[in-house]
> 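Input: one structure, supplied below.
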Amino acid sequence: MSGNPHTHHDTAGSARRSHHTDGHLPSSGSLPRHAGTVIVGGGLAGTELANALAGHGVGDILLLEAGPGEDLAHIHLTHTREAATELVFAPERDPHFHRPWRSSAPPHYTGISGLRRRLGGRSLYWHGVVLPLEDWALRAPQWPADVTAALTTATATAPSWYDQVGADLTAWSGGVLWDPAQPARTTFGGEEFRPLPRACRRRPGTDRWEAYTALDAWRTVEGRPVPPPGVTVRCDTEVLAVDVRAGRARGVLLRTADGTVTTVGADTVVLCAGTVESTRLAAHALTVAGALRFPRLGGLADHIVQGFVVRLPADRLPGPGSYHLPTDPVLRSYLRMDVHPDGPGRALLDVRVTGEQLPNDHSVVECPPRDEPPWRARVRTGLLPEDHKMIGAQRDLLGDFWARAAADVGLPAVPLEFTGFGDADRDNTRVLPDRTRGQSAGRPETWTSLLGTEDHEGGSLPLGRLLDTRHAFTALPGLYAAGPAVFPRLGAANPSLTTIALSRRLAGLLAGA
């Protein structure tokens, strides 16, 4: 799919297609007995795939979402920065938060680790960061060469997928992927930072903003969500299992809002339900098909993220905004710096380093068999020696940067103090406003993210290994997957740009374009 992804969703088109949903996204009523394509999950990957398939003229698409579909607004558009941060890091306040798995490696994949069960999913919570995966990750042997080429290399007839999606997101954001007030280069702490590319746009006259979501194309002037032609959406509908018969995916077994369990047939089923849920469904399906002896799939990974926050005089810091340094390939990590106003004359400096957890066959999603679906997921994760080495190097990087930053603002460099990786008392909830408000000025507070809490987990359904380069399960015809679960390696970059690009590429493959 080329060009702006929203051009075929004009207001007149929305009015013409209103008969598809009568202006709402139903959670009850009759389900089709069969659909050409069933997409499981209405988050970033699923909605992007649905839009792109519709853009290719594909019809008979059924998008299934386990949560409601009444509200398509990004949380930073409807909440203040502090309230939105609370929703993310204190999920008990979010009615859409749901964790359908059990962790066998607590505190990892517990706490704030979970799904946001609503149409739009995490695309209504993210900060819009659109960094491409690094060459050192994409050129690694785990990534199939043809997929890497499609993402990064233009052909005689089309730009690369990264270039196509980047151009579309830049246009959506108003012509630039960062705050125009930010300079192109900012020197601080001995480093030259660049603006962090973010697909965001601000509501005029306010401090509210939203990050890109494919659902933006569904919003009519009246505020009613209307999918594109050929796409039927059913919310509050939980997929329990893939229907496998005669060695092929034949549809899905699902439970509707009123508790009815039924089957919908499909020619093609695409798993876009989030990494752990998609992996659970895949493990069950592959076991039923005889391709797995036990429903367990390895390779689960997340980004390894550590940082510190400190309150400092605003006039000693770069202006408010988000900044980053290009990734260090040896460290497999990149440094990010956010500056937030924090009252008269003060600012909050939030510094973090994000790195790649390597693929690990002992980090698994498994679902012990039971008599009837669903087989509930259990997550077990661990770090390789190379990951532990990176954790130490990240801390050295943060300590060195803070020493130079403290000198820049004229403060003594109080050494950073980290506890053991996985300390639930020093996790990323340290950035919650009620905690940072209590910090003494000039004294940094360190934190580390528990695995599973960055919303970046992936790698368990890798292209070129479990899937072919067309996203198809090699052992189970009719079944496909999209989203970060299909990344053979995560790299250090945030996964959303690659998720969007691969979803659009998959749409073209399914459409025969």
Side-chain angles (χ1 to χ4, degrees), residues 1 5 25 35-56 58 61-67 69 98 100 114-126 165 212-215 217-218 227-228 231-235 237-242 249 251-252 254 264 266-285 297 365 377 455-463 466-467 470-473 476 478-487 495-511:
M1 180 177 175
L25 299 171
T37 302
V38 167
I39 300 173
V40 181
L44 182 62
T47 52
E48 196 69 45
L49 177 62
N51 279 8
L53 283 170
H56 284 294
V58 176
I61 301 163
L62 176 62
L63 177 65
L64 300 173
E65 166 55 43
H98 178 68
L115 303 176
R116 305 290 171 158
R117 278 194 168 176
R118 59 189 291 198
L119 188 63
R122 292 172 178 172
S123 75
L124 301 180
Y125 295 75
W126 73 307
V165 175
Y212 169 81
T213 171
L215 294 178
W218 299 22
V231 178
T232 298
V233 179
R234 177 56 55 86
C235 293
T237 303
E238 181 183 9
V239 174
L240 306 178
V242 177
V252 292
L254 54 82
V264 173
D267 301 323
T268 298
V269 176
V270 187
L271 303 179
C272 301
T275 291
V276 176
E277 268 293 275
S278 288
T279 307
R280 175 189 72 83
L281 292 167
H284 174 272
L297 292 170
V365 176
D455 290 347
H456 292 179
E457 64 273 11
S460 48
L461 305 175
L463 291 161
L466 196 67
L467 309 181
R470 296 174 57 86
H471 291 240
F473 284 80
L476 190 55
L479 186 62
Y480 295 75
V486 310
F487 294 10
S496 295
L497 177 66
T498 307
T499 294
I500 296 169
L502 289 180
S503 293
R504 294 189 186 182
R505 175 178 178 269
L506 174 58
L509 294 170
L510 292 176

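Numbers here are sequence positions counted from 1.
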> Should L467 and Y480 count as side-chain neighbours, where that means a heavy-atom distance under 4.5 Å?
no
> Would you compute the distance between atom CG of L215 and atom CG of L44 and round it to the nearest 0.5 angstrom?
9.5 Å
> Strictly distance-based, threshold 3.5 Å: is any side-chain N or O of T499 a donor or acceptor partner for the main-chain N or O of G483?
no
> Does V242 reach the side chain of L271, with side-chain heavy atoms less than 4.5 Å apart?
yes
> Check for a donor-acceptor pair, side chain of T279 on one end and backbone N or O of E277 on the other, with a separation under 3.5 Å.
no
> Please assess L63 against L119 for the test side chain to side chain contact (heavy atoms under 4.5 Å, CB included), listing each intermediate value before the final yes or no.
CA-CA 10 Å; L63 177 65; L119 188 63; 4.3 Å; yes
> Less than 4.5 Å apart, side chain to side chain, heavy atoms only: is that true for N51 and P228?
yes
> Go through it in stages, so that I can follow the logic: the residues are F473 and L461, the test is side chain to side chain contact (heavy atoms under 4.5 Å, CB included), and I'd like the CA-CA distance, side-chain angles, deciding distance and then a yes or no.
CA-CA 9 Å; F473 284 80; L461 305 175; 4.2 Å; yes
> Identify the two heavy atoms, one from A501 and one from V165, that lie closest to each other, and give their separation to 0.1 Å.
CA-CG2, 3.8 Å
> What's the shortest heavy-atom distance between C235 and G67, and which atoms?
CB-O, 3.2 Å
> Within this structure, what is the CD-CZ distance for the pair E65 and R118, rounded to the nearest 0.5 Å?
10.0 Å
> Taking all atoms of both residues into account, what is the closest heavy-atom pair of G508 and H56, and its distance?
CA-NE2, 3.6 Å
> In Å and rounded to the nearest 0.5 Å, what is the NE2 to OG1 distance from H471 to T268?
13.5 Å
> CG/D267 to OG1/T37 distance, rounded to the nearest 0.5 angstrom?
7.0 Å
> Do I39 and L53 have side chains that get closer than 4.5 Å, going by heavy atoms?
yes
> Taking C-beta and beyond as the side chain, do Y212 and E48 meet within less than 4.5 Å on heavy atoms?
yes
> Work out which heavy atom in S460 is nearest to a heavy atom in L297; give both atom names and the distance.
O-CB, 4.2 Å
> Between R470 and L509 (side chain of the first, backbone of the second, donor and acceptor by atom type, cut-off under 3.5 Å), is there such a pair?
yes
> Hey, what do you get for CZ (R234) to CG (L254), rounding to the nearest 0.5 Å?
9.0 Å
> Are the side chains of L510 and V270 in touch, meaning some heavy atoms are under 4.5 Å apart?
yes
> Work out which heavy atom in A482 is nearest to a heavy atom in L506; give both atom names and the distance.
CB-CD2, 4.0 Å
> If you take all heavy atoms of A54 and V231, which pair is closest and at what distance?
CB-CG2, 4.1 Å
> Hey, could you give me the OG/CG distance between S123 and D455, rounded to the nearest 0.5 Å?
11.5 Å
